[in-house]
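These notes concern the structure reproduced below.
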Amino acid sequence: MAGVEAFTVEGRYESPHGVDVRGRYDPQFATVLTADALQFVADLQREFRGHIHYAMDCRAKAKSRYAAGATPGFDPATKHVRDSEWLCAPPPPAVADRRVEITGPVERKMIINALNSGAKVFMADFEDALSPTWENLMRGQVNLRDAVNGNITYEDKARNSVYKLNHHQNLAKLFVRPRGWHLPEAHILIDGQPAAGCLVDFGLYFFHNWAMFRKNQGGGFGPFFYLPKMEHSREAGIWKRVFEKAEREVGIERGSIRATALIETLPAVFQMDEILYELRDHSAGLNCGRWDYIFSYIKTFQAHPDRLLPDRVQVGMNQHFMRSYSDLLIRTCHRRGVHAMGGMAAQIPIRDDAEANEAALELVRKDKLREVKAGHDGTWAAHPGLIPAITEVFTASMGTKANQIGSAKREDADRLTEQDLLQIPRGTRSIDGLRLNTRVGIQYLAAWLAGTGSVPLYNLMEDAATAEISRVQIWQWLKYGAELDGDGLGVRVSRRLFGRVVEEEMARIEREIGGKERFNRGMYREACKIFIKQCTAEALDDFLTLDAYNHIVV
């Protein structure tokens, strides 16, 4: 990378030829946005943008097929991949034990608390738990560099506290989740076009941290990543080639970079073997991204009025299609020699109500007991307060074993069919479900527009997936005039009913957050406009965050 031709003006970033950084100049950000690092990102963008455009075109064609009545299924063309015997590379020793992982945005205090939390892994998030403002993204890169170097600190003046890493205990291993293939980075133009957000996130982080990460965290492997929102193995194939190019550029062994793919779209559940096969030298298993999976189920079947979901609180792992997805993921991963990670526990401690807090913890324990008994090797938590309880559940079942890859084969899941994975969820729809979707969707979007992507709402830590479920479910109920059959009144969802619910829930939000002054200071009215527009649009937008992104680009 030495000798990159670049120009620099005081108060502007050094930019290689063809790269235009439009975000605010900050001397700290300039230590990340160096000419060599930007050249590395530009090289990735130029080599892979055609592949990304093709993959997005394929997504659009699949969407048209589902809109015309087709359903996703196993691809006959790749049956040989599913049926033949092969293994992924064995897990790096540094991350053989992943029984509890904590997730959160790439914020400075969050990173320190997560690495100190007692979890085995911290997934630092540039995706659904982060509002992708320029400030958040670039501060996140600075924060991760300091974390990998081991010298990250944070001074909380309001609490008169200083946070730093506790090097006397085992720190969580760091995985980083870049954005999905579909999201642009409008603050960095390469050859006049916005860069792919994921290549900016991956490229800057890898370029600055690969060497120190392998020394301090990876035991000679790494860096480690989580890959979101994939719908097909061709998208995993792009990541494989990105990883191989990055490894060649810096001269490390092929297979050093490892990544866990999130199975959080309905089409991807039929591609799990194929995704692992593409990533087999770089794989760190699969994860059940269950909230996004529900969002994807609704989105995939948006044109199928016979597949309207019940209230989202009723769509849990007790539903047959969700349990089938989890069981098949475990079977697939363990057959291929990699980790099968469970889903998110989104509960946060209820400090002012011990009884309610214990009830919430008991729900978490039951969910995690189901996961470990099913064969999952580890699971996710949104808050450090959950980690001791979850660790206890997994350790009681697994003992001193690092994972269940060799012991929980789950051959019984071989008999699962397309019908099992597509079974329509059972349950009822209610006005309370419509209200909750409206209230949570608007509040989450208001926080996101104001720069926060991980939002505590009603004792749960919510990210973009919850707002997405809320939005697409209302859209589908409106489109088909769904009956709120759980209320026994025969009321159907209409624009008029939705308008009334929005008005009443906005008043409730104002009361709950403490009155008009705080309400006026927030972005609630702007969020409400975007949310109504999205829910009542003739055609369903693929992602809420894609539309809302234009409101935070500066």
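Since we're looking at a predicted model, the values are computed, not measured.
Atom CG of residue Leu328 and atom CG of residue Leu286 lie 10.0 Å apart, to the nearest 0.5 angstrom. Distance CD1/Ile294 to CD/Gln319: 9.0 Å, rounded to 0.5 Å. Separating the OG1 atom in Thr466 from the CG atom in Asn437 is a distance of 10.0 Å, to the nearest 0.5 Å. Note: Ile509 CD1 to Arg518 CZ = 13.0 Å, rounded to the nearest 0.5 Å. Separation of atoms CH2 (Trp291) and CD1 (Ile469) is listed at 6.0 Å; rounding is to 0.5 Å. Taking CG of Leu227 as the start and CD1 of Ile238 as the end, the distance is 11.5 Å to the nearest 0.5 Å.
Judged by distance alone, the side chain of Glu235 and the main-chain N or O of Met56 form no donor-acceptor pair under 3.5 Å. In this structure, the side chain of Ser326 does not engage the main chain of Met322 through any donor-acceptor pair within 3.5 Å. Panel note: side chain Thr452, backbone Ser454; no donor-acceptor pair is recorded below 3.5 Å.
Under a 4.0 Å N-O distance rule, the pair Lys529/Glu526 does not qualify as a salt bridge. Salt bridge Arg99/Glu371: absent, no basic N to carboxylate O contact under 4.0 Å.
Residues satisfying the side chain to side chain donor-acceptor pair (under 3.5 Å) criterion with Asp125, sequence neighbours excluded, are Arg177. When the side chain to side chain donor-acceptor pair (under 3.5 Å) test is applied to Lys173, no partner is found at least two apart in sequence or on another chain. Annotation: side-chain contact (heavy atoms from CB on, under 4.5 Å) contacts of Ala114 (sequence neighbours excluded): Ile102, Met110, Phe122. For Asp352, the side-chain contact (heavy atoms from CB on, under 4.5 Å) partners at least two apart in sequence or on another chain are Ile350. Remark: Gln193 engages no residue in a side-chain contact (heavy atoms from CB on, under 4.5 Å) (not counting sequence neighbours). Judged as a side-chain contact (heavy atoms from CB on, under 4.5 Å), and not counting sequence neighbours, the contacts of Arg323 are His320, Asp327. Asp128 meets the salt bridge (Lys or Arg N to Asp or Glu O under 4.0 Å) test with Lys229; sequence neighbours excluded.
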Check: residues 499-508 side-chain donor-acceptor pairs under 3.5 Å, at least two apart:
residue	atom	partner	partner atom	Å
Arg500	NE	Glu504	OE2	3.4
Glu504	OE1	Arg435	NH1	3.0
Glu504	OE1	Arg435	NH2	2.6
Glu505	OE1	Arg439	NH1	2.7
Glu505	OE2	Arg435	NH1	2.7
Arg508	NE	Glu512	OE2	2.7
Arg508	NH2	Glu512	OE2	3.2

Scan the side chains in residues 481-488 for donor-acceptor partners under 3.5 Å anywhere in the protein, sequence neighbours excluded, and list what turns up.
residue	atom	partner	partner atom	Å
Asp485	OD1	Arg429	N	2.8
Asp487	OD2	Ile431	N	2.7

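Using bins of under 30°, 30° to 60° and over 60° for the plane-to-plane angle, the ring pair Phe295/Phe543 lands in the perpendicular bin.
Checked against the 6.0 Å centroid threshold, Tyr297 and Tyr293 do not count as a close aromatic pair.
At a cut-off of 3.5 Å, with distance as the only test, a side-chain donor of Gln271 or Ser233 sits close to an acceptor on the other residue. The closest side-chain donor-acceptor pair between Asn287 and Thr260, if any, does not fall under 3.5 angstrom.
In this structure, Tyr54 places its OH atom where only 12 or fewer heavy-atom neighbours from other residues, nucleotides or ligands lie under 6.0 Å away. Annotation: Glu358, atom CD; neighbour count of heavy atoms from other residues, nucleotides and ligands within 6.0 Å is above 12.
Among Tyr205, Phe206, Phe175, Phe126, the single residue meeting the ring-ring contact (aromatic ring centres under 6.0 Å, His included) criterion with Phe225 is Tyr205. The side chain to side chain contact (heavy atoms under 4.5 Å, CB included) test with Leu137 is passed by exactly one of Ile188, Val200, Leu130: Leu130.
Pairs engaging residues 299-309 under the salt bridge (Lys or Arg N to Asp or Glu O under 4.0 Å) rule: none recorded [sequence neighbours left out]. For the salt bridge (Lys or Arg N to Asp or Glu O under 4.0 Å) condition, the pairs that include at least one residue of residues 531-542, sequence neighbours left out, are Lys63-Asp542, Lys533-Asp547. The ring-ring contact (aromatic ring centres under 6.0 Å, His included) analysis of residues 479-524, with sequence neighbours excluded, yields the pairs Phe519-Tyr524.
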